[in-house]
*Asks:* 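One structure, pasted below without further comment.
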Amino acid sequence: MVETTHFDAIVVGSGISGGWAAKELTERGLKTLVLEAGGPVDPNTDFVEHVQPWDMHFRGLGDRKQLERDHPVQRGCYACDEVGHKFFVKDAENPYTNPSDAPFKWFRGRQVGGRSITWGRQVYRWSDLDFEANARDGHGTDWPIRYKDIAPWYTYVERFIGVTGAHEGLDQLPDGDFLPPMPMTCVEADARPKILKAFGGERVMTIGRAAILTKNHNGRLACHYCGPCERGCVTHSYFNSLGSTLPAARKTGNLTLRPNSVVAEVLYDPRHGRARGVRVIDAQTMQQREYSARLVFLCASTIESVRLLLNSKSARFPDGLANSSGTLGRYVMDHHYGSGASGTVPGFTDKRTTGRRPNGIYIARFRNVKTQHADFLRGYGMQGGSGRSGWGRGSSMPGYGAAFKQSLIDDLGPWSLSASGWGETLPHEDNRITLDSEVKDKWGIPAAHIEVRWRDNERAMDKDMMAAMAEMLDAAGCTDIRTHGSDNPPGHCIHEMGGARMSRTARDGVVNRWNQAWDVKNLFLTDGSCMASSACQNPSITYMALTSRAVAHAVASMKRGEV
């Protein structure tokens with residue numbers, strides 16, 4: 001059988017953005033090719049959330065020699081463990097470089113489903129406080145869209161993926177279309193009104209908003225609180241492309257999915273000023289082939305999509321495809337996170353949790369919402385939770401039998417409550433991605449060189465995270481309050497954004513308000529690379545909403561003969 005090489009649309013990447021692009025394109029009738037650099041995943045055998053420590057060779061502590069050999073960078077992510085390392089790349093095959101004085105952690109998953117298998121599942125809408133920030137304080141370029149432009153698409157996404165959350169009526173954190181919220185623990189429920197009262201209602205602790213089902217939804221089962229979601233979910237109770245968007249795309253009959261397909265270059269047609277397709281290297285055989293399409297969507301993740309464009313050079317674009325502005329690779333951001341505080345909660349020792357709630361509490365942004373803080377611009381949200389101490393002590397204690405196991409449940413320590421900040425970073429021109437002139441990956445593609453640094457604004461915000469959280473714990477009645485700082489480098493939050501930013505004019509960015517490349521009208525970027533600022537919220541739902549919106553525009557434009 002002759003392989004089809006021409007399609008209506010090509011999508012590069014099968015993760016959160018790529019899955020949504022595939023779903024929306026195929027449901028609109030387009031024959032769509034999805035190219036995934038990694039291999040296939042079978043949820044029935046590859047998802048291992050129910051594998052218990054006693055069934056692991058190293059009892060869940062990990063094969064240290066293997067992780068050091070294959071995943072020296074990736075093992076810095078908590079999810080890259082004894083059974084979860086399969087969802088992370090081998091670092092020697094996928095190198096990147098950074099200056100010695102600018103550490104960067106790039107955690108990657110190359111497989112069908114991408115990082116949608118291991119993501120943190122927290123989803124928070126942006127507001128106009130976020131979309132107007134660049135214009136308001138002069139850092140970065142103004143977004144060409146506002147909340148009203150994306151709000152219907154947030155709703156569209158939420159109704160499909162299923163989001164658990166509580167309505168709070170906050171302008172800076174718009175409510176969504178929520179499934180029933182997960183319950184707070186007794187100490188969280190006790191702390192919430194105390195914090196509200198102490199700070200005049202400005203600091204709102206709510207239950208996390210998560211893409212996890214609290215009731216059966218769209219053919220998927222409600223979460224049963226087993227806990228280790230980062231290892232997959234056989235019941236598809238949390239959203240990932242394997243269990244939701246890719247099956248929806250496959251159902252149309254319009255999807256062709258090719259794993260082990262490393263896209264090395266977007267091919268440019270100078271005569272028509274269009275992307276004519278892509279050049280692909282088979283990850284296993286190293287054989288090269290080309291595919292063509294009327295539309296090309298890059299959804300490979302921020303750094304990979306930028307690297308791909310930088311590597312797609314031509315006489316028209318010697319510095320990378322769609323780079324007439326010179327901004328390609330610049331204004332890269334991540335969230336700085338981890339600074340906060342913890343404390344001991346008196347009482348409630350007759351209470352304990354049941355199951356492992358795959359969610360925590362969220363404290364909505366309260367800095368620079370109504371009044372400007374003296375020390376920094378923008379703001380942060382806080383994520384955390386509570387629990388009884390002593391749950392894991394059995395791993396280091398002698399004992400066996402029913403009585404021993406019951407004692408591990410009954411003789412727990414006191415409750416604690418803690419939270420850490422997730423802060424917005426400012427866009428800087430020299431926080432950037434380039435190509436390394438010497439280092440190449442296993443497939444001969446130049447590696448990314450990543451140069452991103454935290455600045456004074458982020459450091460000042462980190463200090464406030466600690467002080468503010470300590471204040472809230474004190475108001476909640478906690479004792480033994482301890483602050484903790486963070487030395488997580490850029491990239492560690494896995495919220496990398498920017499590099500091909502959205503802009504109002506072609507001179508200021510790479511894509512327009514529809515995620516369409518200014519210079520190449522049939523090329524769209526809808527992963528984190530398009531972001532013009534980072535806000536402080538977990539960004540994935542914004543990528544999903546932007547992708548859905550971009551596909552609707554692209555298909556309508558194509559049918560009108562405009563692309």
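Position 1 is the first residue of the sequence, and the numbers go up from there. Because the structure is predicted, anything quoted here is derived from the model rather than measured.
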*Asks:* Which residues pass the side-chain hydrogen bond (donor to acceptor under 3.5 Å, both in side chains) test with Asp487, not counting sequence neighbours?
*Replies:*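 With neighbours one apart ignored, the set is empty.
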
*Asks:* Under the salt bridge (Lys or Arg N to Asp or Glu O under 4.0 Å) test, which residues partner Glu230, sequence neighbours left out?
*Replies:*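 Counting only residues at least two positions away or on another chain, Glu230 forms no salt bridge (Lys or Arg N to Asp or Glu O under 4.0 Å).
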
*Asks:* Got Arg125 and Asp175 here, is their nearest side-chain heavy-atom distance under 4.5 Å?
*Replies:*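 No, every pair of side-chain atoms sits at 4.5 Å or beyond.
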
*Asks:* Could you tell me whether the side chains of Asp130 and Gln172 share a donor-acceptor contact shorter than 3.5 Å?
*Replies:*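 No, Gln172 and Asp130 have no side-chain donor paired with an acceptor closer than 3.5 Å.
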
*Asks:* What is the ring orientation for His139 with His428, classed by angle as parallel under 30°, tilted 30 to 60°, or perpendicular over 60°?
*Replies:*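 Rings of His139 and His428: perpendicular, over 60°.
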
*Asks:* Quick check: do Trp119 and Ser540 have side-chain heavy atoms less than 4.5 Å from each other?
*Replies:*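 The answer is yes; the side chains approach within 4.5 Å.
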
*Asks:* With Arg121, which residues qualify under salt bridge (Lys or Arg N to Asp or Glu O under 4.0 Å), at least two apart?
*Replies:*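 Scan of Arg121 (salt bridge (Lys or Arg N to Asp or Glu O under 4.0 Å), adjacent residues dropped) gives none.
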
*Asks:* Using a 3.5 Å distance criterion without hydrogens, assess whether the side chain of Asn457 forms a donor-acceptor pair with backbone atoms of Leu426.
*Replies:*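 The answer is no, because no donor-acceptor pair under 3.5 Å joins these two groups.
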
*Asks:* Is a donor from one side chain sitting under 3.5 angstrom from an acceptor on the other, for Thr526 and Thr547?
*Replies:*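 The criterion, which ignores hydrogens and geometry beyond distance, is satisfied for Thr547 and Thr526.
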
*Asks:* Are any of the side-chain heavy atoms of Leu546 and Ile150 separated by less than 4.5 Å?
*Replies:*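 When only atoms from C-beta onward are counted, Ile150 and Leu546 do touch, with a gap below 4.5 Å.
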
*Asks:* Can you pull the side chain to side chain donor-acceptor pair (under 3.5 Å) pairs that have at least one residue in residues 98-109, sequence neighbours excluded?
*Replies:*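 Side chain to side chain donor-acceptor pair (under 3.5 Å) check on residues 98-109 returns Asp101-Arg453.
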
*Asks:* Looking at residues at least two apart in the chain, or sitting in another chain, which of them share a side chain to side chain contact (heavy atoms under 4.5 Å, CB included) with Val263?
*Replies:*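 In terms of side chain to side chain contact (heavy atoms under 4.5 Å, CB included), with neighbours along the sequence ignored, Val263 is linked to Val12, Leu35, Val278, Val280, Leu308.
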
*Asks:* Quick one, Ser386 and Met184 - any side-chain contact, counting heavy atoms below 4.5 Å?
*Replies:*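 In short, these two side chains do not touch, never coming nearer than 4.5 Å.
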
*Asks:* How are the rings of Tyr380 and Phe366 set relative to one another: parallel (under 30°), tilted (30 to 60°) or perpendicular (over 60°)?
*Replies:*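 Answer is perpendicular, since the angle exceeds 60°.
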
*Asks:* Report yes if some heavy atom in the side chain of Arg365 is under 4.5 Å from a heavy atom in the side chain of Leu129; otherwise report no.
*Replies:*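 Heavy-atom side-chain distance check passes, below 4.5 Å.
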
*Asks:* Does a side chain donor of either Ser14 or Glu36 reach within less than 3.5 Å of an acceptor in the other side chain?
*Replies:*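 Side chains of Ser14 and Glu36: pair found under 3.5 Å.
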
*Asks:* Yes or no on salt bridge (charged side-chain N to carboxylate O under 4.0 Å, His left out) for Arg455 and Glu458, after CA distance, side-chain angles and deciding distance?
*Replies:* CA-CA 6 Å; Arg455 313 298 173 102; Glu458 288 82 49; 5.6 Å; no

*Asks:* Taking atom types as modelled, is there a side-chain donor on His449 or Thr97 under 3.5 Å from an acceptor on the other?
*Replies:*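 There is such a pair (donor and acceptor under 3.5 Å, judged by atom type) between the side chains of His449 and Thr97.
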
*Asks:* Please name the pair of heavy atoms, one in Ser116 and one in Gly15, separated by the smallest distance, quoted to 0.1 Å.
*Replies:*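 Scanning both residues, the minimum pair turns out to be CB-C, 4.3 Å.
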
*Asks:* Would you say the side chain of Pro228 lies within less than 4.5 Å of the side chain of Arg356, judging by non-hydrogen atoms?
*Replies:*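 Arg356 vs Pro228: side chains touch.
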
*Asks:* Evaluate the ring planes of Trp126 and Phe131, with Trp represented by its six-membered ring, and classify them as parallel (under 30°), tilted (30 to 60°) or perpendicular (over 60°).
*Replies:*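 Tilted: the ring planes of Trp126 and Phe131 meet at 30° to 60°.
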
*Asks:* Within the side chain of Arg432, is there an N or O that forms a donor-acceptor pair under 3.5 Å with the backbone of Gly329?
*Replies:*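 Side chain of Arg432 to backbone of Gly329: no pair is present.
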
*Asks:* Quick one: salt bridge (Lys or Arg N to Asp or Glu O under 4.0 Å) pairs with a partner in residues 515-530, sequence neighbours left out?
*Replies:*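 Output for this query is empty, none listed.
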
*Asks:* Scan for salt bridge (Lys or Arg N to Asp or Glu O under 4.0 Å) pairs involving residues 462-474, sequence neighbours excluded, and state none if there are none.
*Replies:*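 Applying salt bridge (Lys or Arg N to Asp or Glu O under 4.0 Å) to every pair that reaches into residues 462-474, excluding sequence neighbours, yields Arg203-Glu471, Arg367-Asp464.
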
*Asks:* With a 4.5 Å heavy-atom cut-off, do Tyr337 and Ser420 have their side chains touching?
*Replies:*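 The answer is no; the side chains never approach within 4.5 Å.
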
*Asks:* Checking Asp91 now: which residues fulfil salt bridge (Lys or Arg N to Asp or Glu O under 4.0 Å) with it, not counting sequence neighbours?
*Replies:*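 For Asp91, no residue satisfies salt bridge (Lys or Arg N to Asp or Glu O under 4.0 Å) once neighbours in sequence are set aside.
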
*Asks:* Any side-chain heavy-atom pair from Tyr362 and Gln537 closer than 4.5 angstrom?
*Replies:*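 A side-chain contact exists here, since the closest heavy-atom pair is under 4.5 Å.
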
*Asks:* Under 3.5 Å, is there a donor on one side chain and an acceptor on the other for Ser533 and Tyr331?
*Replies:*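 Result is no, nothing qualifies.
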
*Asks:* Please enumerate all residues that pass side chain to side chain contact (heavy atoms under 4.5 Å, CB included) together with Ser244, with sequence neighbours excluded.
*Replies:*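 Side chain to side chain contact (heavy atoms under 4.5 Å, CB included) list for Ser244, sorted by chain: Phe160, Arg220, Phe239.
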
*Asks:* Under a 3.5 Å threshold, yes or no: a donor from one side chain and an acceptor from the other, between Ser503 and Trp518?
*Replies:*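 The answer is yes; a qualifying pair exists.
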
*Asks:* Return the set of residues passing ring-ring contact (aromatic ring centres under 6.0 Å, His included) with His85 (not counting sequence neighbours), or none when no residue passes.
*Replies:*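 Once residues adjacent in sequence are excluded, the partners of His85 under the ring-ring contact (aromatic ring centres under 6.0 Å, His included) criterion are His71.
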
*Asks:* The criterion is ring-ring contact (aromatic ring centres under 6.0 Å, His included); which residues satisfy it with Phe376, sequence neighbours excluded?
*Replies:*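 With neighbours one apart ignored, the set is His373.
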
*Asks:* Do the side chain of Thr302 and the main chain of Ser529 share a donor and acceptor less than 3.5 angstrom apart?
*Replies:*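 Present.
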
*Asks:* With salt bridge (charged side-chain N to carboxylate O under 4.0 Å, His left out) as the criterion, how do Glu93 and Arg110 come out once you've worked through the C-alpha distance, each side chain's angles and the decisive distance to 0.1 Å?
*Replies:* CA-CA 11 Å; Glu93 297 177 354; Arg110 278 190 164 186; over 6 Å; no

*Asks:* Quick one: salt bridge (Lys or Arg N to Asp or Glu O under 4.0 Å) partners of Asp171, sequence neighbours excluded?
*Replies:*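 Applying salt bridge (Lys or Arg N to Asp or Glu O under 4.0 Å) to Asp171 gives none.
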
*Asks:* Using a 3.5 Å distance criterion without hydrogens, assess whether the side chain of His336 forms a donor-acceptor pair with backbone atoms of Pro489.
*Replies:*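 No; judged by distance alone, with no hydrogens or angles, the pair does not exist.
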
